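Please read all numbers here as calculations on a predicted model, not as lab measurements.
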Amino acid sequence: MTVMNLTPQRSAGNAVQPQRSPSVRESLRALQTAIRFVKGIGPKRAAQLESCGILTIEDLLYHLPFRYEDRRRVSKLTDAVPGQEQSFIGELTALKSKFNPRMRRNILTAELRDDTALMELIWYRAPSYLIKGLAQGQKVWVHGKVEIGAAHRSRLVHPEFEIIEGGDEQQRPRILPIYVRPGGLSLSILRKASSQALAEYGGTLASRLPPEILRRRGLMDIRQALTELHEPALDCDLAALNDFSSAAHRSLIFDELFYLQLGLGLRKTARNRCAGITCDRPRNTLPTRMRRLLPFKLTGAQERVLSEIENDMESAHPMQRLVQGDVGSGKTMVAWMASLRMIDNGYQSVWMAPTEMLAEQHYRNLRGFAEALGIQTALLTASTPAREKKLLLDRAGRGEIHFIVGTHALIQEGVRVPRMGLGVIDEQHRFGVMQRLSLQRLIGGDGLAPVAGPQPHM
């Protein structure tokens, strides 16, 4: 495994030689390195990290702390103040573990001693790794809310702690990142892994945003932002870190949203290059006849939205529109009127709902109108009998059914709607991206294959 070192190098003449930024391909390849290749992460720890979705170096670097603790001040045990969160350094003594059969858990107690006083430490639900990991005589850094226990002694309940080894730089005061962690993996191990990943692979984190944007927005590059979030400087604004409003947080958020918008823009550009099914002005005026059947008039908002939809369907590009409104605002009627405009032009309309109950509800509510207008309809769900389903699919494939309502059964293998001009997805948030895309591709007869010709409106 090749690790890229992007720090400036000195030549024989002692001049600093600037290092090139990694290419996009080099950066992606390095960041997709399996987590087990980080120094200090063996197979067992790699499996623990993978259990919570941390599979690669990139996953680890973007596994950000959810809060930070101020450990820039270390107090003496004699200065413990009840009700306050404080940090202390001392030596573990009187370490005891006792199993409580009634509560079915281990209780671990210990004394922390420094040159001024003693303090009780207690863990009421001590996991085995904690019991095995602590030993008498160890020097530890503990942090927690001070309480008053038995005999008016100060104590910490379930304190955060780190074992201090000789010469360990972690003894220095600092702002401590707190991570969501998989069971069995201590915070100290997760912090060391993040620091090691930054040291080994941080050079591959090249910022792709134009420098002018970074300057104008007051942002920092990605490597600097991630370093500040995993290893905050002593002078960092702790409140901003915990509010996720620090410059480092804003830089990562901007970077993510920038590329999201860029991706959406590229998709929109590509879609605008695609030909859409053109819906001309109505022939037999099905929408006009439908208006006569209604016992009410469409509201101004319904008319406005319907007009926008009809303008989209008359354009040369496929529509991708979201209709949003409260319950009872008339979204179904707007979609039905749009479907009639498409059917009036000789095409088919397909509706997909997330549940059989909702699909049947749409079908029952609209079937009466469809029959009055001479429109052939069908309902396709997982409960549709095999014989009826085969007949339905044959007729849909020949274009004989104009209006089809269904569930996920619509995007199963073998469903083909060659004259589909409009697809309507109800409660679209309950479908995946590929499921929604599969409905649009029914015109080609294969939910996985791209549409070769003009694409239906959605």
Side-chain angles (χ1 to χ4, degrees), residues 40-42 44-45 48-49 52 65-195 238:
I41 299 294
K44 183 178 179 181
R45 288 177 179 171
Q48 290 173 309
L49 289 167
C52 67
F66 68 90
R67 68 181 175 89
Y68 296 83
E69 290 183 353
D70 191 351
R71 303 200 183 173
R72 290 172 288 190
R73 281 191 62 184
V74 178
S75 303
K76 291 293 185 178
L77 292 177
T78 191
D79 297 326
V81 179
Q84 288 192 8
E85 287 200 2
Q86 293 177 270
S87 298
F88 307 95
I89 291 180
E91 181 180 324
L92 287 178
T93 62
L95 200 63
K96 296 178 182 178
S97 173
K98 183 179 180 181
F99 180 73
N100 187 322
R102 185 174 63 84
M103 304 179 74
R104 295 184 178 180
R105 60 192 184 195
N106 287 304
I107 299 176
L108 180 64
T109 59
E111 283 185 350
L112 185 70
R113 179 194 300 271
D114 68 4
D115 56 359
T116 65
L118 290 172
M119 174 179 283
E120 183 185 12
L121 307 179
I122 183 166
W123 291 267
Y124 288 112
R125 298 178 184 84
S128 58
Y129 75 87
L130 181 63
I131 296 172
K132 295 176 182 177
L134 294 179
Q136 285 200 177
Q138 284 178 327
K139 193 173 184 181
V140 294
W141 185 321
V142 298
H143 179 88
K145 187 175 183 179
V146 179
E147 299 180 2
I148 298 298
H152 302 286
R153 292 177 61 189
S154 298
R155 72 174 184 178
L156 296 180
V157 178
H158 295 287
E160 294 283 345
F161 74 94
E162 285 186 58
I163 298 171
I164 297 176
E165 299 173 358
D168 194 340
E169 290 187 1
Q170 293 194 26
Q171 294 184 39
R172 61 179 171 81
R174 66 202 186 283
I175 295 175
L176 198 67
I178 307 298
Y179 300 85
V180 174
R181 59 189 176 86
L185 198 63
S186 69
L187 278 171
S188 60
I189 291 175
L190 198 51
R191 292 188 197 106
K192 288 179 181 178
S194 299
S195 296
L238 182 65

side-chain hydrogen bond (donor to acceptor under 3.5 Å, both in side chains) filter on D70, not counting sequence neighbours, yields R72
Which heavy atom of Q136 sits nearest to which heavy atom of A94, and what is that distance? OE1-N, 3.2 Å
Sorted by chain and number, sequence neighbours left out, side-chain hydrogen bond (donor to acceptor under 3.5 Å, both in side chains) with S154 holds for none
Side chain to side chain contact (heavy atoms under 4.5 Å, CB included) between F161 and L130, worked out: CA-CA 10 Å; F161 74 94; L130 181 63; 3.1 Å; yes
To the nearest 0.5 Å, what is the distance between CG (L176) and CG (L187)? 7.5 Å
Quick one: list whatever passes side-chain hydrogen bond (donor to acceptor under 3.5 Å, both in side chains) with S97, sequence neighbours left out. none
Hey, does L118 have a side-chain heavy atom less than 4.5 Å from the side chain of L112? no
Is there side-chain contact between I164 and I89, with at least one heavy-atom pair below 4.5 Å? yes
Could you work out, with side chain to side chain contact (heavy atoms under 4.5 Å, CB included) as the rule, every residue matching E85, not counting sequence neighbours? H143, K145
Partner residues of R125 under the salt bridge (Lys or Arg N to Asp or Glu O under 4.0 Å) criterion, sequence neighbours left out: none
Flag the pair R153 and E111 as a salt bridge only when some basic side-chain nitrogen lies within less than 4.0 angstrom of an acidic carboxylate oxygen. yes
Validation row: L156, F88 side chains within 4.5 angstrom (heavy atoms): yes
What heavy-atom pair brings P177 and I175 nearest, and what distance separates the two atoms? CD-O, 3.5 Å
Quick one: list whatever passes salt bridge (Lys or Arg N to Asp or Glu O under 4.0 Å) with R67, sequence neighbours left out. E69
Can you see which heavy atom on I163 is nearest to which on G133, and at what distance? CD1-O, 3.5 Å
Closest approach of L121 and P159, non-hydrogen atoms and distance? CD2-CG, 4.3 Å
To the nearest 0.5 angstrom, please state how far the CG atom of N106 sits from the CG atom of N100. 9.5 Å
Between P65 and Y68 the two heavy atoms that sit nearest each other are CG-OH, 3.4 Å
What are the two closest heavy atoms between W141 and R174, and how far apart are they? CZ3-NH1, 3.3 Å
Measure the spacing between CD1 of I178 and CZ of F66 and express it to the nearest 0.5 Å. 6.5 Å
By side chain to side chain contact (heavy atoms under 4.5 Å, CB included), Y124 pairs with (sequence neighbours left out) I107, I122, R155, V157, H158
Without placing hydrogens or testing angles, list every side-chain donor-acceptor pair under 3.5 Å for residues 73-80, not counting sequence neighbours.
unit_1	atom_1	unit_2	atom_2	d
S75	OG	Q86	NE2	3.2
K76	NZ	D115	OD1	3.2

Set of residues satisfying salt bridge (Lys or Arg N to Asp or Glu O under 4.0 Å) with respect to R45, sequence neighbours excluded: none
So, do Q138 and L92 sit near enough that their side-chain heavy atoms are less than 4.5 Å apart? yes
Taking only residues two or more places apart in sequence or in another chain, which ones pass salt bridge (Lys or Arg N to Asp or Glu O under 4.0 Å) with E91? none
Hits for side-chain hydrogen bond (donor to acceptor under 3.5 Å, both in side chains) against R113, two or more places apart or cross-chain, chain-then-number order -> none
